[in-house]
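Here is the structure we will look at, set down as structure tokens.
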Amino acid sequence: MNKFKVSSLEKGTLSLAAKSTDPWEFAGWKPIKVKLKTHLKKKTNERCCYCRRSLANTHNMSIDIEHVLPKKLFPKYVFSLKNLSVACKRCNMGIKNQDHSFFTLGTGSRRPFRVENFSILHPNLSNIDAHLLLEFHQFGAKQFVKYHLSQNPKAKRTYEYFKLRDIETGSLDSAQGLRNLTEMKSLLEHEIEAVERLLQSSGG
């Protein structure tokens, strides 16, 4: 993944923003913010950095540039790339918001961006795909979602913190209460056979 690059002019704009009363909302840096979001989406392969669900077909306004350490409480790292990713509204605003209970140090920590300082999988410090994998299947309106966790305690903590079981449960409801992928595949095979029989009987 290529590094995020800024021009000398953009660096000057960021410097002015950092000195303002509200750096993140500084008007002059909005074009850079658009550029940054595009970079972060590519870095995550257009997935939420927490729940790992796809953001590919999500309107850009519904995708948040996420500050892992909340910008209001950690203003020093408002533009730090190690503190930035992209997240869905559910994970960012609905669950995490301003919370930082997963950060084991205080707000005045001098070197916060070390993997051992976080009790969850950090979007930029952890190899998340090695510890938390999302399995997703869809056929028509029916969906099956399952998370696979490694033995790393941070994987379980991430799963619990972001209430990923709720996503799995919601998918099971949509799949009419199916309990595992084998059952879902069996149902889908029966439905495909029924459609094929219908087409044959109608001369299609």
Side-chain angles (χ1 to χ4, degrees), residues 1-100 102-103 105 107 109-134 136 147 152 154-155 158 161-162 164 167:
M1 179 67 203
N2 294 330
K3 292 183 178 180
F4 183 65
K5 298 179 180 180
V6 292
S7 66
S8 57
L9 180 61
E10 290 171 331
K11 288 180 181 178
T13 300
L14 290 173
S15 179
L16 289 174
K19 296 174 183 177
S20 68
T21 55
D22 191 351
W24 194 249
E25 298 303 325
F26 183 72
W29 102 280
K30 287 185 178 179
I32 309 174
K33 188 187 290 189
V34 173
K35 178 180 172 181
L36 175 63
K37 181 182 280 191
T38 299
H39 169 81
L40 294 173
K41 286 168 63 178
K42 290 181 179 178
K43 186 177 179 180
T44 63
N45 290 316
E46 297 196 68
R47 295 177 294 171
C48 171
C49 66
Y50 299 125
C51 71
R52 315 307 284 170
R53 290 187 296 174
S54 175
L55 301 172
N57 296 314
T58 304
H59 192 282
N60 205 43
M61 293 297 291
S62 297
I63 300 173
D64 293 331
I65 296 180
E66 161 67 351
H67 290 81
V68 182
L69 296 177
K71 57 183 179 292
K72 290 183 179 180
L73 301 174
F74 298 85
K76 182 178 179 180
Y77 306 111
V78 66
F79 296 128
S80 172
L81 289 176
K82 289 184 178 180
N83 195 41
L84 298 173
S85 193
V86 285
C88 67
K89 293 290 186 184
R90 173 192 179 274
C91 291
N92 182 27
M93 301 300 294
I95 295 178
K96 180 178 160 290
N97 210 332
Q98 298 299 310
D99 181 58
H100 63 285
F102 50 81
F103 182 56
L105 303 179
T107 56
S109 304
R110 301 176 69 176
R111 300 183 68 182
F113 298 111
R114 293 182 173 181
V115 69
E116 62 267 23
N117 296 336
F118 297 83
S119 64
I120 62 172
L121 297 170
H122 189 287
N124 299 312
L125 305 177
S126 304
N127 180 4
I128 297 182
D129 286 337
H131 302 291
L132 181 69
L133 280 176
L134 169 64
F136 175 81
Y147 286 94
N152 189 322
K154 294 185 180 184
T158 302
Y161 183 91
F162 288 101
L164 301 184
I167 296 176

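This is a predicted model, so every value here is computed, not measured. Residues: numbered from 1 along the sequence shown.
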Which atoms form the tightest heavy-atom contact between [X] and [Y], and what is the distance?
X    : Y    : answer
T107 : F74  : CA-CE2, 3.4 Å
S54  : A56  : OG-N, 3.1 Å
G28  : T13  : O-CG2, 3.4 Å
N92  : E66  : OD1-OE1, 2.6 Å
E10  : V6   : OE1-CA, 3.1 Å
R52  : L134 : O-CD2, 3.4 Å

So, [X] side chain and [Y] main chain: donor-acceptor pair closer than 3.5 Å or not?
X   : Y   : answer
K37 : I63 : yes
S15 : K11 : no
H67 : V78 : yes
N45 : R47 : no

Working for side-chain contact (heavy atoms from CB on, under 4.5 Å), residues Q98 and K72:
CA-CA 8 Å; Q98 298 299 310; K72 290 183 179 180; 3.8 Å; yes
Pairwise salt bridge (Lys or Arg N to Asp or Glu O under 4.0 Å) hits with a residue in residues 16-27, at least two apart
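Qualifying pairs, neighbours excluded: none.
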Any idea how F4 and H39 line up, ring-wise: parallel (<30°), tilted (30 to 60°), or perpendicular (>60°)?
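The arrangement is tilted - the two ring planes meet at 30° to 60°.
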Residue set satisfying side-chain hydrogen bond (donor to acceptor under 3.5 Å, both in side chains) with K89, at least two apart, ordered chain then number -> D64
Rounded to the nearest 0.5 Å, what's the gap from [atom1] on [X] to [atom2] on [Y]? Could you check?
X    : Y    : atom1 : atom2 : value
L69  : K76  : CG    : NZ    : 12.0 Å
L105 : R110 : CG    : CZ    : 13.0 Å
H59  : N57  : NE2   : CG    : 12.5 Å
L14  : W29  : CG    : CH2   : 6.5 Å

Table please: side-chain donor-acceptor pairs of residues 117-126 below 3.5 Å, with sequence neighbours left out.
{"unit_1": "N117", "atom_1": "ND2", "unit_2": "R111", "atom_2": "O", "d": "3.3"}
{"unit_1": "N117", "atom_1": "ND2", "unit_2": "P112", "atom_2": "O", "d": "3.0"}
{"unit_1": "S119", "atom_1": "OG", "unit_2": "F102", "atom_2": "O", "d": "3.3"}
{"unit_1": "H122", "atom_1": "ND1", "unit_2": "N124", "atom_2": "N", "d": "2.9"}
{"unit_1": "H122", "atom_1": "ND1", "unit_2": "L125", "atom_2": "N", "d": "3.2"}
{"unit_1": "N124", "atom_1": "OD1", "unit_2": "K43", "atom_2": "NZ", "d": "3.1"}
{"unit_1": "N124", "atom_1": "ND2", "unit_2": "L81", "atom_2": "O", "d": "3.3"}
{"unit_1": "N124", "atom_1": "ND2", "unit_2": "K82", "atom_2": "O", "d": "2.9"}
{"unit_1": "N124", "atom_1": "ND2", "unit_2": "L84", "atom_2": "O", "d": "3.0"}
{"unit_1": "S126", "atom_1": "OG", "unit_2": "H122", "atom_2": "N", "d": "3.0"}

Within a 6.0 Å radius of atom NZ on K33, are there more than 12 heavy atoms belonging to other residues, nucleotides or ligands?
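Above 12, so yes.
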Before you tell me yes or no, could you show the steps for C91 and F162 under side-chain contact (heavy atoms from CB on, under 4.5 Å), namely the whole-Å CA-CA distance, both residues' side-chain angles and the distance that decides it to 0.1 Å?
CA-CA 6 Å; C91 291; F162 288 101; 3.9 Å; yes
Check whether any side-chain heavy atom of T158 lies under 4.5 Å from a side-chain heavy atom of Y50, and answer yes or no.
no
What I'd like to find out is whether the side chain of Y147 reaches to under 4.5 Å of the side chain of C51, using heavy atoms alone.
yes
T44 vs L40, side-chain contact (heavy atoms from CB on, under 4.5 Å): CA-CA, chis, key distance, verdict
CA-CA 6 Å; T44 63; L40 294 173; 5.7 Å; no
